[in-house]
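Protein chains get the first letters and strands the later ones, always in sequence-line order, with residue 1 at the start of each. Worth knowing before you read on, the calculation uses all heavy atoms, side chains too, and leaves out hydrogens, waters and symmetry mates.
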2 protein chains.
Amino acid sequence: MIDSVDKSILKLLQSDAKLTIKEIGNKLNLSATPIFERIKRLERSGYITSYKALIDRKKVGLSLMVFCDISLNQHHASHIAKFEKDIQQFNEVIACYHIGGSFDYLIKVVAKDMDEYQNFVSKKLASIDNIRKVQSSFVMREVKTPIGLPIN
Amino acid sequence: MIDSVDKSILKLLQSDAKLTIKEIGNKLNLSATPIFERIKRLERSGYITSYKALIDRKKVGLSLMVFCDISLNQHHASHIAKFEKDIQQFNEVIACYHIGGSFDYLIKVVAKDMDEYQNFVSKKLASIDNIRKVQSSFVMREVKTPIGLPIN
DNA sequence: AGTGAAATTGCAGTCAC
DNA sequence: GTGACTGCAATTTCACT
């Protein structure tokens, strides 16, 4: 289990992974060693899964982001597995969630422009049989860009 | 503009921000200084927006993740602005997108359990007037967890 | 301008207490 | 938990192409 100091460390690191151990120690009124060991423990025990640089999507030319709701025809385990395997191979798909409700999957897709997106839908997505229905929602604006998880 | 070496650096750093400059240099057959300069340039010019530690959602007790499609009653600029201001104040909301299609917004919500989620919907979300309809899709499984952007 | 080599600073990681 | 110590990476300077 983790205590409040650990939680503070998680909050700080998920907002800025470049904080040095010293800086974190200053903020939490602790010396470097305990901070260092706590971070290592949080990494080993899987609370911190990875460190990543965030890239500006539009800067790298991916001006389009789209959420697609997808429903399948067949829901047997083998069909599910095949769909998930297929969908992951497309690099335009940057996230895929199996959801409950009126649709089966929600996927997050990025593309350079509408042509590329059209190509993804009509060539790649359409090549997967078992898809019954696709509903695209284009992102017009990111009101709140993913900051991280709320940690109490 | 960025060249193929810059793109390789972006790809490496978005998969693992802890890579040292030396390691990157080895992978790309370059010495430390040019890698260092390029990274600084990518940071200054906004290609790299930040560095973050990724936290395991379930480890920190947030077992529920839900996507909510929301449609509004009023679409005048002032109503839009108010909704966006209100929705951002809830820390359960970890992302919010203004979308086109049958709904107006897609929000990503996390909660400890169903009680907390119910409380969010019935107390917090319901306190915003101007909401016409909310449709929740519970995430049952993350098939492809956000890896980063496809960089060519 | 961009590269590689050398020198310096400061942090990561270890140890004694 | 604190404080001192070591090694190495990050960062700066410089010569070269």
Donor-acceptor side-chain pairing of B:Ser136 and B:Tyr117 below 3.5 angstrom: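 Indeed, the side chains of B:Ser136 and B:Tyr117 share at least one donor-acceptor pair under 3.5 Å.
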
Inter- and intrachain pairs under side-chain hydrogen bond (donor to acceptor under 3.5 Å, both in side chains), touching residues 60-71 of chain B, at least two apart: none

Pairwise side-chain hydrogen bond (donor to acceptor under 3.5 Å, both in side chains) hits with a residue in residues 80-93 of chain A, at least two apart: A:Lys82-A:Asp86, A:Glu84-A:Tyr105, A:Glu84-B:Arg141, A:Glu92-A:Lys124

Side-chain donor/acceptor of A:Gln14 to backbone N/O of B:Ile55, under 3.5 Å: no

Value in whole Å for how far the C1' atom of C:dT14 lies from CZ of A:Arg41: 18 Å

Whole angstrom value for the distance that separates P of C:dA12 from CD1 of A:Ile9: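 Computing the A:Ile9:CD1 to C:dA12:P distance gives 13 Å.
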
NZ/NE/NH1/NH2 to OD/OE distance under 4.0 Å, B:Glu37 and B:Lys40: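 B:Lys40 and B:Glu37: not salt-bridged.
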
Short side-chain N/O contact from B:Lys40 to OP1 or OP2 of D:dT11, under 4.0 Å: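 Indeed, a polar side-chain atom of B:Lys40 lies that close.
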
Extract all donor-acceptor atom pairs below 3.5 Å that involve side chains of residues 16-24 of chain B and protein atoms in other chains or at least two apart in sequence.
from: B:Asp16; atom 1: OD1; to: B:Lys18; atom 2: N; distance (Å): 2.9
from: B:Thr20; atom 1: OG1; to: B:Glu23; atom 2: N; distance (Å): 3.1
from: B:Thr20; atom 1: OG1; to: B:Glu23; atom 2: OE1; distance (Å): 3.4
from: B:Glu23; atom 1: OE1; to: B:Thr20; atom 2: N; distance (Å): 2.8

A:Lys144 to B:Phe90 - nearest heavy-atom pair and separation: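 Closest approach of A:Lys144 to B:Phe90, heavy atoms only: NZ-O, 3.5 Å.
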
Those residues of residues 11-36 of chain A lying under 4.0 Å from DNA chain C by at least one heavy atom: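 Per residue number, the list reads A:Thr20, A:Ile21, A:Lys22, A:Thr33, A:Phe36.
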
Sugar-phosphate, base or nothing in reach of A:Arg38, heavy atoms under 4.0 Å: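 Sugar-phosphate only.
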
Strand DNA chain D in bracket notation, Watson-Crick/G-U under 3.5 Å with | for pairs to another chain: |||||||||||||||||

Contact list for residues 95-117 of chain B, test salt bridge (charged side-chain N to carboxylate O under 4.0 Å, His left out), sequence neighbours left out: none

